[in-house]
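Shown next, in structure tokens, is the structure this report addresses.
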Amino acid sequence: MVTIKLPDGSTRELPKRATAADLAAEMGPGVAASAVAAEVNGRLVDLASPLVDGASVSIVPAGSEAGRDVIRHSTAHVMAQAVLRLWPGARLAIGPVIADGFYYDFELPGGAHFSEEDLVRVDAVMRDIIAEDQPFSREELSVDEGLALFEGQPYKQEIIEAVAAGAEEVDAAGSADVGRAVVSAYRNSEAFVDLCRGPHVPSTGRLGHFRLTRVAGAYWRGDEHRQQLQRIYGTAWESEEALAGYLHRLEEAERRDHRRIGHELDLFSFPEEIGSGLPVFHPKGGIVRREMEDYSRQRHADAGYDFVYSPHITKASLFEVSGHVDWYADSMYPPMELDDGSTYYVKPMNCPFHILVFRSRQRSYRELPMRLFEFGSVYRYEKSGVVHGLTRVRGMTQDDAHIFCTREQLSDELTRALTFVLDLLSDFGLDDFWLELSTKPEDKAVGSDQDWEEATATLREVAEGRGLELVLDEGGGAFYGPKISVQARDAIGRNWQISTVQLDFQLPQRFGLEYTGADNAKHRPVMIHRALFGSVERFFGMLLEHYAGNLPTWLSPEQVRVLPVRDDHVEYALATTERFCAAGLRAQMVDASEPLGTRIRSAKLEKIPYVLVVGGDDVSAGTVGVNRRGDDRPQRGVPVDQAIALARDDVAQRRTAPSG
RNA sequence: GCGCCCGUAGCUCAGAACGGACAGAGCACCGGACUUGUAAUCCGGAGGUCGCGGGUUCAAGUCCCGCCGGGCGUUCCA
């Protein structure tokens, strides 16, 4: 007999040679039916694994995160088998699990490529394989046996060699139980065996709730200099309902796509004539931007920032001194050569300009901290193929600031900056944040260890003081300073990297920045880079997706639309509209040349927060019929003043209006 | 950059697998009628070198080649 410890602390006796599957069966038919793998002493293993005496075991159900990973990984194997059936001689690379799904990379014979129609064929063969209910059986092999088994599969052999090399390293480090590198493989049938760490479901019959989603190219080991492979992405779930739920979430994300909303609401466009990644904002989008920027300006003024402006192009030397030309050239537009022999760059960053503002005359410690702010337009040459809507553009406006301060002020300034960021983002209706703190890289870094430690500790304190989740990116900071980035989760749970607060020990040095201290000696200031929206464009896109186009009233291009029922109500409607406008609201009247139902529909589709209908009753009573976005039914007979107060309050509170 | 997909009216898309009767629809726009109390009123009109160039053919949105533009992906040890 063997004794097994269960997660609830109880123990169970099982006959010798019992497997995890036996345990699941013992625990009940429900457990057995949903089991896809087991966790033994913290390691995921197959259900067929024998249990050793004293092990802590939990059964992994299909619907758990770990269980889904097993299903996805197994489905990836089925896909690989299907591809091999359809393209004999295809070489297999890797087929890992990713968020919500999996992919598998292949090199097809004769350099063939997958097309979208191929997905249908692969899908059909996969369903055959699942119907065949092939077992997944594990084999453990020595390195030499592995290399022999995967003759003709060079990628698999490369992986085996990497595993072997890794094992030697572990050996050299003196690790106990790694005697010899062992690899494992899973065989489904005579025709198909794949190198894999496992675990897998017991047999292919356990799978089936999957969908192949897209084809893509990808490089072996993610290295663009190496072989390009053909990738198929898919998703797989424990049940048809879970799959349907996921597909529904995809549709929801599609529905919220800011490019679609931006077009539908006439906010911005990307004219081909201008170029990839270069948006123009239409009048309505312009209103939203102006509101965003005006509010940001006001907050910056309140927080003690000074406003500066800098040109869009500069002589090359500026970015040579800053170092950008050396390590950032790939992302910069190529230089412009002028007749007089000088070279200019379109600016990819604002920092050197702000530095020159600082350096324009001698500075005293009395002037610090100096906080220079600018909505600075920058241009970055993003590779064709990475440009995406407003979220990845080639021309953008950063709400950029650079704070120059003394070392003594550093901690306080970091605290202020981070607090400021979080407050401002909250005003835009984002309230689910987490922070990522990148600390000093191991190899090389400028600045003293003490500076790094102090700054890192400060950033951590602010984060913890706010009760925010803090993810440590150990050693992930840039060599020139530690960084904290603010990530926001949107309404459907997606993460957006937004603001960054970054310390810089390097640029003040490269530009020889100095201030005169109270001791009448020269000192070097410390510099903080920070952006709140990151880029106005990207933040705009994110807000559109977060709100699915239902912008809060204060940001809505048109806040109020007044609809007279008939022509003879137009006069009253106009007068009412003017009252809203006089109250500082963006209101417009649309006359009765279309039926009321049509006009209401248009207004709703335009996601206008307040649609006011005025008819005979209203004319005589001085009221309006109020349709608030998101409300099921209108509220009739509301006094005009009350309706104005309602809308003004929304604006004043920056209330996030409900969706329509 | 590379892979896949796409390019027909301002927009969304049919027509392409089979070359000929194929320049189409809806929305938007313009004109007229309708005068409306809560998510699409009716009638009419205008609008396209089918991304560009070349080729095959009696005949090319449709087949072939090249180019341009757009979208998606490029989520790193089995």
Side-chain angles (χ1 to χ4, degrees), chain A residues 73 76-77 80 92-105 108 111-119 146 150 153 155-166 183-186 194-198 200 213-233 257 259-260 263-264 266 269-273 275-277 330 383-389 563-570 591-606 611-618 624-627 631-637 660:
Chain A
H73 203 171
H77 273 232
L92 307 180
I94 59 169
V97 169
I98 54 174
D100 293 331
F102 61 89
Y103 67 82
Y104 212 115
D105 288 345
L108 298 182
H113 304 299
F114 289 127
S115 70
E116 246 145 53
E117 292 82 71
D118 291 333
L119 290 185
F150 289 99
Q153 289 289 350
Y155 300 105
K156 294 297 178 191
Q157 290 183 328
E158 188 175 325
I159 292 163
I160 293 169
E161 276 159 5
V163 170
V183 295
S184 56
Y186 281 78
D194 191 8
L195 181 71
C196 185
R197 184 162 46 193
H200 281 289
T213 49
R214 57 173 63 96
V215 298
Y219 300 97
W220 172 235
R221 302 276 193 196
D223 182 343
E224 64 182 315
H225 302 297
R226 303 191 69 175
Q227 177 71 38
Q228 173 142 31
L229 304 170
Q230 292 292 303
R231 175 173 295 179
I232 297 179
Y233 284 95
D257 190 313
R259 292 166 304 172
R260 166 200 292 266
H263 177 250
E264 285 170 357
D266 195 16
S269 60
F270 297 88
E272 282 184 24
E273 293 84 346
S276 188
D330 283 353
K383 281 190 194 173
S384 94
V386 306
V387 170
H388 176 92
L563 303 177
V565 174
R566 281 195 320 264
D567 279 348
D568 49 330
H569 308 129
V570 165
D591 71 29
S593 51
E594 296 286 335
L596 183 63
T598 306
R599 287 178 287 149
I600 287 177
R601 180 169 190 274
S602 309
K604 294 282 187 188
L605 290 176
E606 289 175 55
V611 180
L612 308 181
V613 175
V614 297
D617 300 348
D618 298 296
V624 292
V626 178
N627 301 265
D631 286 356
D632 289 343
R633 58 187 52 152
Q635 204 183 341
R636 292 279 298 271

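Below, chain A is the first sequence line, B the second, and so on; all start at residue 1.
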**Complete:** Each nucleotide of nucleotides 73-78 of chain B classed B (base within 4.0 Å of a protein heavy atom), S (only sugar-phosphate) or -, in 5' to 3' order, makes BBBBBB
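Across all strands shown, A/Q230 has heavy atoms under 4.0 Å from sugar-phosphate atoms exclusively, and none from any base. Contact annotation for A/S602: no contact, since no heavy-atom pair falls under 4.0 Å across all strands. Nucleic acid contact class of A/G597 (heavy atoms, under 4.0 Å, all strands): sugar-phosphate only. Here A/R633 lies out of heavy-atom contact (under 4.0 Å) with every strand. Nucleic acid contact class of A/D568 (heavy atoms, under 4.0 Å, all strands): none. Among the heavy atoms of the strands, none lies under 4.0 Å from A/V626.
Rounded to an integer number of Å, the gap from CG of A/L612 to P of B/rG37 is 18 Å. Between the CG atom of A/L108 and the C1' atom of B/rC4 there is a distance of 13 Å, given to the nearest Å. Look at CG on A/L596: it is 15 Å from P on B/rU35, rounded to the nearest Å. Computed from coordinates, the A/E594 CD to B/rC43 P distance equals 14 Å when rounded to whole Å. One atom, CG of A/D266, and another, C1' of B/rC11, lie 11 Å apart when rounded to the nearest Å.
The partner of B/rG1, taking Watson-Crick or G-U wobble pairs whose two distances both stay under 3.5 Å, is B/rU74. Base-pair partner of B/rC34: not found among the strands shown (Watson-Crick or G-U wobble, both distances under 3.5 Å). Remark: B/rC58 base-pairs with B/rG20. Criterion, Watson-Crick or G-U wobble with two distances under 3.5 Å. In this structure B/rG45 sits in a base pair with B/rC29, meeting the Watson-Crick or G-U test at under 3.5 Å.
Base orientation for B/rG15: anti, the chi torsion being more than 90° from 0.
Heavy-atom minimum distance, A/L92 versus A/K156: CB-CE, 3.7 Å. Across A/F150 and A/Q157, no two heavy atoms sit closer than the pair O-NE2, 3.3 Å.
A salt bridge does not link A/R636 to A/D618: none of the charged side-chain nitrogens sits closer than 4.0 Å to a carboxylate oxygen.
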